[in-house]
Amino acid sequence: MTPVHFAFSSAFILGLTGLTFHRTHLLSALLCLEGMMLSLFIALSLWTVQLNSTSLCPAPMLLLAFSACEASAGLALLVATTRTHGTDHLQNLNLLQC
């Protein structure tokens, strides 16, 4: 494993670990998801450059577009949750209540 691959896989693993073990606030979970998506974007971009393939060139941009949509949906959910519940603590959220 090259140092570049190790760096991006460790960045993804750190984001996944943060998402798994540090789930107190919704904002921290969204930041961990965004870090994971950015590490995937950079890894996919470097992979297409290393392969010199023109058929895989739109894939990183498609992933970046999906991550922007994910971030906007997450921020809208954060604003809606904060307005209705008054906090973004994940322990206070109950999915069975409306």
Checklist line | Approximate separation, where rounding is to 0.5 Å, of H89 NE2 and T82 OG1 | finding: 10.0 Å

Got a list of side-chain donor-acceptor pairs under 3.5 Å for residues 24-43, not counting sequence neighbours?
residue, atom, partner, partner atom, Å
H25, ND1, D88, OD1, 3.0
S28, OG, H25, O, 2.8
S39, OG, G35, O, 3.4
S39, OG, M36, O, 2.8

Margin query: Per the side-chain hydrogen bond (donor to acceptor under 3.5 Å, both in side chains) rule, what does the pair list look like for residues 57-73, sequence neighbours excluded?
Written below: none

What side-chain donor-acceptor pairs closer than 3.5 Å can you find for residues 8-22, not counting sequence neighbours?
residue, atom, partner, partner atom, Å
S9, OG, H5, O, 2.9
S9, OG, F6, O, 3.1
S10, OG, F6, O, 2.9
S10, OG, A7, O, 2.9
T17, OG1, I13, O, 2.7
T20, OG1, L16, O, 2.7

Next item on the list: Decide whether L51 and L63 are clustered together by the hydrophobic rule: side chain heavy atoms of Ile, Leu, Val, Met, Phe, Trp, Tyr closer than 4.5 Å, transitively.
Entry: yes

Notebook entry, point to check: Atom OG1 of T48 and atom CE of M61: how far apart are they, to the nearest 0.5 Å?
Noted result: 11.0 Å

Note to self: Could you see if V4 belongs to whatever hydrophobic cluster contains L44? Use Ile, Leu, Val, Met, Phe, Trp, Tyr and a side-chain cutoff under 4.5 Å.
What the structure shows: yes

